[in-house]
J.: 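Have a look at the structure that comes next, please.
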Protein chains: 2
Amino acid sequence: MTETAVGSSAVESAAALKAHPESKSQQAYAAVKARIVEGAYTPGYRLVLAKIAEDLGFSVVPVREAIRRLEAEGLVKFERNVGATVSGIDPTEYLYTMQTLSIVEGAATALSAPLIDSVAIARARAVNQEMRECLEHFDPVRFTALNQDFHSVLFEHCPNPHILDLVHRGWNRLASLRSSTFRFVPGRAQESVREHEALLQLIEGAADADTIEKAARQHRAATLDAYLAQANPDH
Amino acid sequence: MTETAVGSSAVESAAALKAHPESKSQQAYAAVKARIVEGAYTPGYRLVLAKIAEDLGFSVVPVREAIRRLEAEGLVKFERNVGATVSGIDPTEYLYTMQTLSIVEGAATALSAPLIDSVAIARARAVNQEMRECLEHFDPVRFTALNQDFHSVLFEHCPNPHILDLVHRGWNRLASLRSSTFRFVPGRAQESVREHEALLQLIEGAADADTIEKAARQHRAATLDAYLAQANPDH
DNA sequence: TTCATAGTTATCGTATACGATTTCGTACTT
DNA sequence: AAGTACGAAATCGTATACGATAACTATGAA
């Protein structure tokens with residue numbers, strides 16, 4: 001656990017199982033994606049095809065394909081005859097992404113809830129405990145990773161892989177924006193940890209789907225709201 | 001209105017505004033997508049790169065890119081060293097898609113509702129009236145198209161393009177499956193038209209977001225349920 | 001100095017070419 | 001007759017090459 005990059009599609013992870021040597025286009029995709037998610041390529045970074053191709057030792061064709069895939073996921077902006085850049089930190093885009101995430105995470109949580117057993121709950125709780133410790137040591141990077149782990153545990157048996165895929169895409173997008181909860185709103189992280197515990201109790205108590213969905217949705221939405229309140233103090 | 005194909009991403013439609021001659025990869029994407037959505041290429045159809053390239057008068061490289069994009073949207077399955085086929089009509093996939101659609105359509109409707117004016121309501125009502133007429137003449141293809149028109153009117157001022165994009169992707173996926181409401185469950189279409197009217201009344205009455213979201217979500221979910229009930233009569 | 005313009009360079013977009021892999025058909029064996 | 005092994009054809013994956021486009025730079029005019 002605690003990897004930052006998140007496999008984006010069910011199709012993709014299935015393909016990864018095959019013994020095949022990965023296609024170069026696939027390798028290029030993974031490599032560039034990793035650099036973006038890890039922050040080596042920051043928003044606005046100019047992705048020159050020939051340069052990346054040379055770095056990887058490939059030709060440009062598979063690199064193009066990779067970039068196009070990343071574009072489809074929203075991690076990259078590709079303009080005709082101009083080139084590709086890592087998607088920027090446009091606040092509007094942030095809003096869209098967070099709002100969409102709140103919806104799909106809410107749904108994913110509600111759908112998964114009935115399938116979460118006590119073992120998973122315990123594991124999630126352990127992760128949440130680690131998150132508390134991160135707060136003390138002030139380790140925002142690890143905190144963000146653990147936050148994904150926490151929710152990943154809940155989504156382990158999510159009955160709808162499409163929705164899970166949407167969640168992962170949102171996460172990767174946020175990762176590319178380097179938007180840790182810490183950075184945007186101090187204090188929100190503490191609240192987040194508390195909400196995690198509340199969520200676990202709802203799931204343990206077999207609360208109805210609607211209640212759980214609202215709580216999960218609100219959990220994400222609150223982070224967005226906190227950001228907006230900070231960005232526009234003219235409340 | 002009443003086109004069957006639905007532009008899939010905000011980025012894409014923005015790009016379409018530029019005076020640029022479309023890139024060939026873009027043209028290939030549009031062409032193949034249209035054939036899939038219109039049903040010229042049915043599920044399972046083998047997409048041979050060289051053949052498509054020859055048809056369009058392009059080389060294979062831009063066609064590959066186009067296919068990859070369609071893969072990302074779930075319209076095409078692309079297997080390494082084997083080739084691309086139009087995604088199949090797996091009932092499980094249908095379930096996933098419909099469930100996801102119910103969630104994103106619900107959210108899109110709720111978000112859009114406060115921004116829908118009386119003119120738009122009237123237009124939506126007119127479309128719904130046309131749908132009623134389709135029922136009499138038994139025109140399922142047009143019915144499906146009008147159904148998209150109806151919801152498109154509601155989504156016209158949707159404040160979150162990401163969510164709208166997800167809706168469109170779902171629609172295209174369903175279109176590629178050739179799954180008209182008619183085909184799957186006779187009688188469901190009539191119900192659908194009634195639900196449209198109910199939805200309009202909720203919006204006119206400025207019902208709260210939660211109520212509207214639930215109604216819109218249920219509207220889609222009911223079609224899925226009807227299908228499932230028919231597929232597994234062992235209730 | 002600032003703006004416009006022409007020429008240069010960097011980069012993209014696509015065609016072509018060819019090696020690699022899979023699939024299909026055929027002959028051979030049991 | 002059924003199954004296996006081999007060879008041929010089809011198709012894919014990627015490298016290379018080159019024309020097209022946009023970005024940059026330098027030069028000259030206002």
Side-chain angles (χ1 to χ4, degrees), chain A residues 9 11-12 14-33 35-36 41 43-72 75-88, chain B residues 9 11-12 14-33 35-36 41 43-72 75-88:
Chain A
S9 86
V11 176
E12 174 187 339
L17 292 177
K18 302 200 71 174
H20 264 318
E22 262 182 339
S23 74
K24 299 200 174 180
S25 112
Q26 178 73 20
Q27 289 178 51
Y29 167 78
V32 176
K33 179 172 171 178
R35 281 172 171 74
I36 294 175
Y41 294 162
Y45 185 94
R46 181 87 188 280
L47 297 166
V48 178
L49 297 183
K51 201 146 161 279
I52 295 175
E54 199 187 354
D55 277 4
L56 298 171
F58 304 157
S59 84
V60 293
V61 178
V63 174
R64 269 184 75 85
E65 257 185 45
I67 300 286
R68 272 271 141 81
R69 254 178 93 182
L70 292 166
E71 185 194 19
L75 263 53
V76 162
K77 192 159 152 281
F78 201 169
E79 210 175 338
R80 165 148 166 107
N81 276 327
V82 174
T85 51
V86 177
S87 288
Chain B
S9 86
V11 176
E12 173 187 341
L17 292 179
K18 302 199 71 172
H20 264 320
E22 260 183 341
S23 73
K24 299 200 175 179
S25 114
Q26 179 73 22
Q27 289 179 50
Y29 167 79
V32 176
K33 179 172 172 180
R35 281 172 173 72
I36 294 174
Y41 295 161
Y45 185 93
R46 181 86 188 282
L47 298 167
V48 178
L49 297 183
K51 200 148 160 275
I52 295 174
E54 200 188 353
D55 277 4
L56 299 172
F58 304 157
S59 84
V60 294
V61 177
V63 174
R64 269 184 75 85
E65 256 184 39
I67 299 286
R68 271 271 142 81
R69 248 178 98 182
L70 292 166
E71 187 194 18
L75 263 54
V76 161
K77 193 162 150 281
F78 201 170
E79 209 174 340
R80 164 146 166 106
N81 276 326
V82 175
T85 53
V86 177
S87 289

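FYI, side chains are in, hydrogens and waters are out, and symmetry mates aren't considered; it's all heavy atoms of this structure. The structure presented is a predicted model; accordingly, all values stated were derived computationally and were not measured. We name chains A, B, ... by the order of the sequence lines, and we start the count at 1 in each one.
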J.: Taking only heavy atoms on the protein side, list every residue of residues 49-63 of chain B lying under 4.0 Å from any atom of DNA chain C, sorted numerically.
T.: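 Under 4.0 Å from DNA chain C: B:Phe58, B:Ser59, B:Val61, B:Pro62.
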
J.: Give me the atom names and distance for the closest heavy-atom approach of B:Lys33 to B:Leu75.
T.: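 So the two residues come closest at CG-CD2, 4.2 Å.
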
J.: Looking only at heavy atoms, which two atoms of B:Ser87 and B:Lys77 are closest? And how far apart?
T.: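 Scanning both residues completely, I find the closest heavy atoms to be OG-N, 3.8 Å.
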
J.: Measuring from the side chain of B:Ser23 (C-beta onward, heavy atoms only), which nucleotide among D:dT14, D:dC12, C:dG13 has the closest atom?
T.: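 Within the option list, the nearest is C:dG13.
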
J.: Angle between the end axes of the helix from C:dT1-D:dA30 to C:dT30-D:dA1, five pairs per end, to the nearest 10 degrees?
T.: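 If I round to tens, the end axes sit 20° apart.
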
J.: B:Arg64 CZ to D:dT14 C1': how many Å, rounded?
T.: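 About 8 Å, once rounded to whole Å.
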
J.: Let me know the distance between NZ of A:Lys24 and C1' of D:dT16, rounded to the nearest Å.
T.: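 It is 13 Å, rounded to the nearest whole Å.
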
J.: Going by salt bridge (Lys or Arg N to Asp or Glu O under 4.0 Å), name the residues that satisfy it together with B:Arg35, two or more places apart in sequence or in a different chain.
T.: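 Listed in chain order: nothing, the list is empty.
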
J.: Of all the heavy-atom pairs spanning B:Arg80 and A:Ser23, show the shortest one and how long it is.
T.: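 Scanning both residues, the minimum pair turns out to be NH1-CB, 3.0 Å.
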
J.: Provide, to the nearest angstrom, the distance between the CD atom belonging to B:Gln27 and the P atom belonging to C:dG13.
T.: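 To the nearest whole Å, that distance equals 14 Å.
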
J.: Between B:Arg80 (CZ) and C:dA20 (P), how many Å, whole number?
T.: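 Distance, rounded to whole Å: 12 Å.
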
J.: Can you name the side-chain contact (heavy atoms from CB on, under 4.5 Å) partners of B:Ala53, sequence neighbours left out?
T.: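 Partners of B:Ala53 by the side-chain contact (heavy atoms from CB on, under 4.5 Å) criterion, ordered by chain and then number, come out as B:Val60, B:Val63.
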
J.: Between atom CG in B:Asn81 and atom P in C:dA20, what is the gap in whole Å?
T.: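 After rounding, the reported distance stands at 12 Å.
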
J.: Listing time: all N or O pairs from protein to nucleotides 5-7 of chain D that are below 3.5 Å?
T.:
none

J.: Salt-bridge test for A:Glu71 and A:Arg68: reply yes if a basic N is under 4.0 Å from a carboxylate O, no otherwise.
T.: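 Answer for the salt bridge query: yes.
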
J.: For the pair made of CZ in B:Arg46 and P in D:dT11, what is the distance, rounded to whole Å?
T.: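 Atom CZ in B:Arg46 sits about 6 Å away from atom P in D:dT11.
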
J.: Among the candidates D:dT14, C:dT14, D:dA22, find the nucleotide nearest to the side-chain atoms of A:Val82.
T.: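 Nearest to the side-chain atoms of A:Val82, counting from C-beta on, is D:dA22.
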
J.: Taking atom P of C:dG13 as reference, at what distance in whole Å does atom CD of A:Glu65 sit?
T.: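 About 14 Å, once rounded to whole Å.
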
J.: Would you list the pairs meeting ring pair (Phe, Tyr, Trp, His ring centres under 6.0 Å) in which at least one residue belongs to residues 43-71 of chain B, sequence neighbours left out?
T.: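 Residue pairs passing ring pair (Phe, Tyr, Trp, His ring centres under 6.0 Å), neighbours aside: B:Tyr41-B:Tyr45.
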
J.: For side chain to side chain contact (heavy atoms under 4.5 Å, CB included), just list the numbers for B:Ile67 and B:Ile52, CA-CA rounded to whole Å, side-chain angles, deciding distance to a tenth of an Å, and then say yes or no.
T.: CA-CA 10 Å; B:Ile67 299 286; B:Ile52 295 174; 4.3 Å; yes

J.: I need the CD1-P distance between A:Ile67 and C:dG13, as an integer number of Å.
T.: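 Distance check: A:Ile67 CD1 to C:dG13 P gives 11 Å.
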
J.: Taking side chain to side chain donor-acceptor pair (under 3.5 Å) as the criterion, tell me which of A:Glu65, A:Arg69, A:Arg64 meets it with A:Ser25.
T.: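 Result: among A:Glu65, A:Arg69, A:Arg64, A:Glu65 is the only option passing the side chain to side chain donor-acceptor pair (under 3.5 Å) with A:Ser25.
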
